[in-house]
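Every chain is numbered from 1 and lettered A, B, ... according to where its sequence line falls, protein lines coming before strand lines.
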2 protein chains.
Amino acid sequence: MSNMKDVAREANVSVATVSNFLNGKKVRPKAAKDIDLAIKKLNYVRNNTARFLKTQRSAFVVFVVPSVWSPFFSELTFWVQKYLDNLGYKMVLCVSENDYQKEKSYVTMAEEQRVAGILSISYSDLTSHVHSDIPLVSIEKESTGQFSLVSSDNYEGGKIAAKELSERNIDKYIFIGSANHSSVEMNARKAGFIDYCNNHGLKFEIAEVDSRKNDKKKIKNLIDEISNNGKKYGIFAHTDEIALILTQEFQDAGLKIPEHVQIIGFDGWKLTPDTHLTISSIRQNIEEIAKTAVEQLHKEMEDPDHREISRLMIPVAFRAGDTTENK
Amino acid sequence: MSNMKDVAREANVSVATVSNFLNGKKVRPKAAKDIDLAIKKLNYVRNNTARFLKTQRSAFVVFVVPSVWSPFFSELTFWVQKYLDNLGYKMVLCVSENDYQKEKSYVTMAEEQRVAGILSISYSDLTSHVHSDIPLVSIEKESTGQFSLVSSDNYEGGKIAAKELSERNIDKYIFIGSANHSSVEMNARKAGFIDYCNNHGLKFEIAEVDSRKNDKKKIKNLIDEISNNGKKYGIFAHTDEIALILTQEFQDAGLKIPEHVQIIGFDGWKLTPDTHLTISSIRQNIEEIAKTAVEQLHKEMEDPDHREISRLMIPVAFRAGDTTENK
DNA sequence: GTGAAAGCGCTAACAA
DNA sequence: TTGTTAGCGCTTTCAC
């Protein structure tokens, strides 16, 4: 493949002139024409590897994501790619499958490639493996605080859930978290729910369900309580997944939804798309998450020396489904 | 950031020794230890930009795909990424949204970055814009023949569809293509269907439907024919999308599926996942497509000078759904 | 505006 | 084995 030197020779100018021409600087018209011709004749394509080595910049951003197959992640990937593309960045897609070793190797790769930035949505704390000063923005998952975070506003989501339930004649409020997956996010959702209940004098309870074990016993007790007790229950489940399990168990036990129990979930990535039932849910704004994360990363990549670590909360909203009454 | 020279100085060896050490060649034990220490002390990370500039190789593969949001493409993206990763390649994800300008710019980017290869699934013929000798493997879409192609075996799919229908007491066979999207693939599916029918003395007809205009008239005529005519019809639709439209129109008109009409579609990427009805369909083996494409590309990247252009057909299979009778 | 030349960080040939 | 050095293809001073 031909290089700049070849082009310069062909056009009877120096490499510097070719470089200037290619970078939009002023060259005399005759030179411009000759260079243009030479480029076409030699089929010259500028080598960005060399360019970036010299300028110490890169157009690549590494995106680490647990999966790309589920609806949540594929939508997120779509928007992240789109917003990166708009800014002229190329996305290196790294699917971690929640494998810590893979995540680590992706970070290493990113550093070795001197990429411009890293965008990651990771369960483990891969941030501690970033040796360099490559800007990193973490999505959804709380990190150690040395990197920016973009997350749905989980606390506000908990409050919205409680508020929506309270507008539907509920007698008793229950938050159901997941026993096997305690996290900063869950606690925020829980806290929002509790705070709203407390501030509005609503009676509530806290429970947990292990979504892997399916926790039949706990659910059975709950079903008994609801059945033997004419009251109307309102449940806020930490995830749509849990909400779905509860809904199915309740229905199997003959409870009517939303007549006896109303359930609100929280939009997540675990749900398969072929579920017929529509769960009322707190919906995450995936496009906004992607947009915000890319913009934050962009800022930090533009000026890596004075980076400002931010914690950005993206608003969530209630989406009515089949598991709550119409207002 | 520190470089190899710094490490060499710190370890009292030459850069060549550091380079050798890093590339797994033999160095004396003492040197190895010193270098190791120096690397840790200086937080050295090898610069692959420089490495690849020197060696004229790259670890990146550009993957151009129309979308990443639909089930077909997100699954394809998943497998492509996985198989590339297994071979040590990094995927640069380029979502074209069927925009020709974008596709072109992605090819340019790939050439400027001197990536190792390109994997593309594109409607337009972006292959004519490849100036360099970067290996390219095209998925699903027929190209000009100067690059390798990996595709589902559409012809065989057409035969399988006819065969499956013929085992279900059909009186009259119909192939329905799409009027707005004639393509090499459609013709192959049609040819397979026709050949099977001819070879087995089955009476068939060919029709077309414009899935954008929803072509009510043609469908109406078909419905009248089926209704007024006690015969059992068997339809092979060019895509699941068309199969779905037909199914819904038939049902709305009071026809019973699969009692009056049986329908087989062809697995495609346009279908949204929230469709309740399961269409009997010729299923594409997405993982196998991805695997084969990556393997072919790998071969061509390993030895770019004697590349062999291949046309690789991936077997398809019948998947029974609700629109055909059980055998 | 242009050209000569240094140098980004690395690998590889060659000499020691 | 190890060190010296040229050079991958580009950008960027700096003198003209």
DNA chain D contacts among residues 47-60 of chain B, heavy-atom distance under 4.0 Å: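 Contacting residues: B:Leu53, B:Lys54, B:Gln56.
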Any residue meeting salt bridge (charged side-chain N to carboxylate O under 4.0 Å, His left out) with A:Lys40, in chain and number order, not counting sequence neighbours: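 Salt bridge (charged side-chain N to carboxylate O under 4.0 Å, His left out) check on A:Lys40 returns A:Asp36.
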Over 12 foreign heavy atoms within 6.0 Å of CG, B:Asp133: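 No, the 6.0 Å shell around CG holds no more than 12 heavy atoms from other groups.
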Residue B:Lys299 excluded, over 12 heavy atoms near NZ under 6.0 Å: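 Atom NZ in B:Lys299 is not packed in, count stays at 12 or less.
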Contact list please: [range] against DNA chain C, heavy atoms, distance less than 4.0 Å, in numerical order.
{"range": "residues 3-10 of chain B", "result": "B:Asn3, B:Met4"}
{"range": "residues 105-115 of chain A", "result": "none"}
{"range": "residues 30-43 of chain A", "result": "A:Ala31"}

Under the side-chain contact (heavy atoms from CB on, under 4.5 Å) test, residues paired with A:Asn20 that sit two or more places apart: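 By the side-chain contact (heavy atoms from CB on, under 4.5 Å) rule, A:Asn20 matches A:Lys25, A:Val27.
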side-chain contact (heavy atoms from CB on, under 4.5 Å) involving A:Lys30 - partner list, sequence neighbours excluded: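 Checked A:Lys30 against side-chain contact (heavy atoms from CB on, under 4.5 Å); matches are A:Arg28, A:Asp34.
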DNA chain D: 5'-proximal contact among B:Thr17 and A:Asn23 (nearest heavy atom):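 Upstream on the strand: B:Thr17.
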Selection residues 75-88 of chain B - residue pairs positive for salt bridge (Lys or Arg N to Asp or Glu O under 4.0 Å), sequence neighbours left out: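 Qualifying pairs: A:Glu97-B:Lys82.
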Residue pairs fulfilling salt bridge (Lys or Arg N to Asp or Glu O under 4.0 Å) with at least one residue in residues 59-72 of chain A, sequence neighbours excluded: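 Non-adjacent pairs meeting salt bridge (Lys or Arg N to Asp or Glu O under 4.0 Å): zero.
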Just checking, any donor-acceptor pair under 3.5 angstrom between side chains of [X] and [Y]?
{"X": "B:Ser14", "Y": "B:Thr17", "result": "yes"}
{"X": "A:Asn3", "Y": "A:Arg46", "result": "no"}
{"X": "A:Tyr44", "Y": "A:Glu10", "result": "no"}

Candidates B:Val61, B:Leu119, B:Val65 - the one meeting side-chain contact (heavy atoms from CB on, under 4.5 Å) with B:Val80: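 Exactly one candidate clears the test, B:Leu119.
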SB check B:Lys291 B:Glu295 (cutoff 4.0 Å):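 Looking at B:Lys291 and B:Glu295, the cut-off is met.
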Salt bridge present between A:Glu185 and A:Lys141 (N-O < 4.0 angstrom):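 Salt bridge between A:Glu185 and A:Lys141, a charged N being under 4.0 Å from a carboxylate O: yes.
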Sugar-phosphate only, base, or nothing, as touched by A:Phe21 at under 4.0 Å among non-hydrogen atoms: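 If one applies the 4.0 Å heavy-atom cut-off, A:Phe21 turns out to touch nothing in the nucleic acid.
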Outermost DNA chain C nucleotides near chain A [under 4.0 Å, heavy atoms]: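 It runs C:dG1 to C:dG9.
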Test item: B:Ile35 and B:Val7 side chains (from C-beta on) under 4.5 Å apart, heavy atoms: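 Heavy-atom side-chain distance check passes, below 4.5 Å.
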Mutual orientation of the aromatic rings belonging to B:Trp69 and A:Trp79 [parallel < 30°, tilted 30-60°, perpendicular > 60°]: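 B:Trp69 and A:Trp79: perpendicular rings.
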Parallel, tilted or perpendicular, as decided by the 30° and 60° cut-offs, for the rings of B:His298 and B:Tyr89: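 The rings of B:Tyr89 and B:His298 stand perpendicular, inter-plane angle above 60°.
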Results of ring-ring contact (aromatic ring centres under 6.0 Å, His included) for A:Tyr106 - residues two or more places apart only: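 With sequence neighbours excluded, A:Tyr106 shows a ring-ring contact (aromatic ring centres under 6.0 Å, His included) to no residue whatsoever.
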Start and end of chain A contact along DNA chain D [non-hydrogen atoms, under 4.0 Å]: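 The contacted stretch runs from D:dG9 to D:dT12.
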